[in-house]
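Structure first, then comments.
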2 protein chains.
Amino acid sequence: MTGVLVVDDDQHLLKALRITLQAHGYAVETAADGEAALIAASRNPPGIVVLDLGLPDMDGAAVLRELRRWSTAPVLVLSARHGSSDKVDALDAGADDYITKPFGLEELLARLRALLRRAPEAIEPSTVDTPEFSVDLGRRMVTRNGEPVRLTPTEWSILELLVRNPGKLITQQQILASVWGPAYEKEANYLRVYMAQLRRKLEADTGNPRHLLTEAGIGYRFRP
Amino acid sequence: MTGVLVVDDDQHLLKALRITLQAHGYAVETAADGEAALIAASRNPPGIVVLDLGLPDMDGAAVLRELRRWSTAPVLVLSARHGSSDKVDALDAGADDYITKPFGLEELLARLRALLRRAPEAIEPSTVDTPEFSVDLGRRMVTRNGEPVRLTPTEWSILELLVRNPGKLITQQQILASVWGPAYEKEANYLRVYMAQLRRKLEADTGNPRHLLTEAGIGYRFRP
DNA sequence: CGGAATCTTGACGGATCCTTAACGCCGGTG
DNA sequence: CACCGGCGTTAAGGATCCGTCAAGATTCCG
């Protein structure tokens, strides 16, 4: 059963959407503001998100960007604004679709189906395992031989980026831009320090890493 | 460069879309009716399709269903009809997005970007295989007999260039300019060294290469 | 305010990669 | 048949990159 996270500050609309979506077989979770949305999404990662741009606490686009930092779930944006630039901004910020209020429920449902058709990974793996250690993306926790491993925020950010792209080579620039920001793309020194730290905590033989691999001159790669 | 197939019977709109899309870096192909669209799509598979539902010869939905039988490229539907059931039908027939005329070009471009973000696989195959080795462009990884092959950055750059143009003859100048920069077009020596290196790592018989072929006096060619 | 955890910075040895040069092979040519 | 240019192969040197360590700076939290 696919999980839908509906974010809107209009209680009536929220209730109507909940009933409709549940009637069509979705597991619905709701949030009334941006902060609650991000908490709910991290606690119980949804298969798809319906997001109203007009939230009381923070800009809808900000919620979208924050969500995109760690979630690839499709996002359908609701908005009362018909302006072209609003749509362009939301879509370029990571939204997958944009419909304006008022909208027909049938259309909303059809668009959700179309989006979910493209994202078969609706239930993305919440944990990634290797013979030596296990990474729980949802709980932000790493265990090794059953024992929890303490990671600093920076260590986790790097490990998460690598683990979410198993086997894929991530360039140093990508890691630096993702963890420290695009302005730090030259600071390859940081990376060396933190990769050594991660290997010391996760690899049996830091000299011959089996899962956190180096590609000299390019970047790093996680092998499961 | 991503290929866009635009299908519409309005010649003015067709021309406008062609100019706009080309200005944004897409390779544009056009068709004025359903049959021409299907032929064009099969002859030169597009990365994404913009499809008008009101075609003279056949129902737009029929084109969509026929296309979906063999293509997974994202489809954005244009239509003059605002009705809810029209949208639902098109989306459920396999369309990925639906916008009604008149529409803003900026919005169309943003929606194309959003769709292409989701379907990178539809644009180009992410792996290229030969009987002996396999090149995974997306993961930047090469495997031979299931075993990963270590390539240096320069080796990978050359191999990638050749593999992305299967069967096509690439001149030495093109390779040198692409990998080392236009100032190195005279340094054919580099190429000899690296082609030998690549063959040693990828070919069974380096004396009789089966996939990394030399065209004496001209350049090199990758044969799948 | 003080201590602990985390991040930044710099330096060093070692590993990896790039460049360069030399030599043998082959086919074409005078 | 000798010569010559283009190609394949190899190995050594130097340049670059990476792993490691430790100390100082900063932030976090009680």
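A note on names: the letters A, B, ... follow the listed sequences, proteins ahead of strands, and every chain is numbered from 1. Values below: all heavy atoms of this structure, side chains included; hydrogens, waters and symmetry mates excluded.
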Does A/T152 put a side-chain nitrogen or oxygen below 4.0 Å from OP1 or OP2 of C/dC7? yes
From the options D/dG8, C/dA11, D/dC21, select the nucleotide whose nearest atom is closest to the side chain of A/N189. C/dA11
Does C/dT19 have its OP1 or OP2 closer than 4.0 Å to a side-chain nitrogen or oxygen of B/W180? yes
May I ask you to say what A/Y220 touches in the nucleic acid, namely base, sugar-phosphate or nothing, with a heavy-atom cut-off under 4.0 Å? sugar-phosphate
Please report the C-alpha distance between B/E29 and B/R43 in whole Å, then the side-chain angles of each, then the deciding distance to 0.1 Å, and finally whether the salt bridge (Lys or Arg N to Asp or Glu O under 4.0 Å) criterion is met. CA-CA 11 Å; B/E29 214 163 338; B/R43 189 172 50 79; 2.8 Å; yes
Under 4.0 Å between a side-chain N/O of B/R192 and OP1 or OP2 of D/dT9, yes or no? no
Which nucleotide wins on minimum distance to the side chain of B/Y194, given the candidates D/dG19, D/dT10, C/dT19? C/dT19
Choose from C/dT20, C/dC18, D/dG8 the nucleotide whose nearest atom is closest to any side-chain atom of B/T214. D/dG8
Between P of D/dC18 and CG of A/L191, the distance in whole Å: 9 Å
Is the distance between the ring centroids of A/W180 and A/Y194 less than 6.0 Å? yes
Can you tell which of C/dC18, C/dT16, C/dA5 lies closest to the side chain of B/R150? C/dT16
Which of these nucleotides, D/dG19, C/dT6, D/dT20, is closest to any side-chain atom of A/V193? D/dT20
Starting at CG of B/D205 and ending at P of D/dG8, how long is that distance when rounded to a whole Å? 13 Å
Let's see if you can work this out: which of D/dG19, D/dG8, C/dC18 has an atom nearest to the side-chain heavy atoms of B/T154? C/dC18
When the distance from OH of A/Y190 to P of D/dT26 is rounded to whole Å, what number comes out? 12 Å
Report the distance from atom NZ of B/K186 to atom P of D/dG6, rounded to the nearest whole Å. 13 Å
For the residue pair A/Y190 and A/Y184, does the interplanar ring angle fall in the parallel (under 30°), tilted (30 to 60°) or perpendicular (over 60°) class? tilted
Could you please name the option among C/dT19, C/dC7, C/dC18 that lies closest to any side-chain atom of B/P153? C/dC18
N or O in side chain of A/T206 less than 4.0 angstrom from D/dG19 OP1/OP2: no
Earlier contact from the 5' end, DNA chain D, for B/Q197 and B/A216: B/A216
Assess, by modelled atom type and distance only, whether the side chains of A/R81 and A/T100 contain a donor and an acceptor separated by less than 3.5 Å. no
Output yes when B/E155 and B/R150 qualify as a salt bridge under the 4.0 Å nitrogen-oxygen rule, no when they do not. no
Whole Å only: how far is the CD atom of A/Q172 from the P atom of D/dT16? 15 Å
When the distance from CG of A/N208 to C1' of D/dC18 is rounded to whole Å, what number comes out? 14 Å
Assess the side chains of B/T130 and B/R144: does a donor N or O sit below 3.5 Å from an acceptor N or O? no
Nearest whole Å is fine: how far is D/dC18 P from A/I158 CD1? 14 Å
For A/E203 and D/dG19, what is the distance between atoms CD and P respectively, to the nearest whole Å? 11 Å
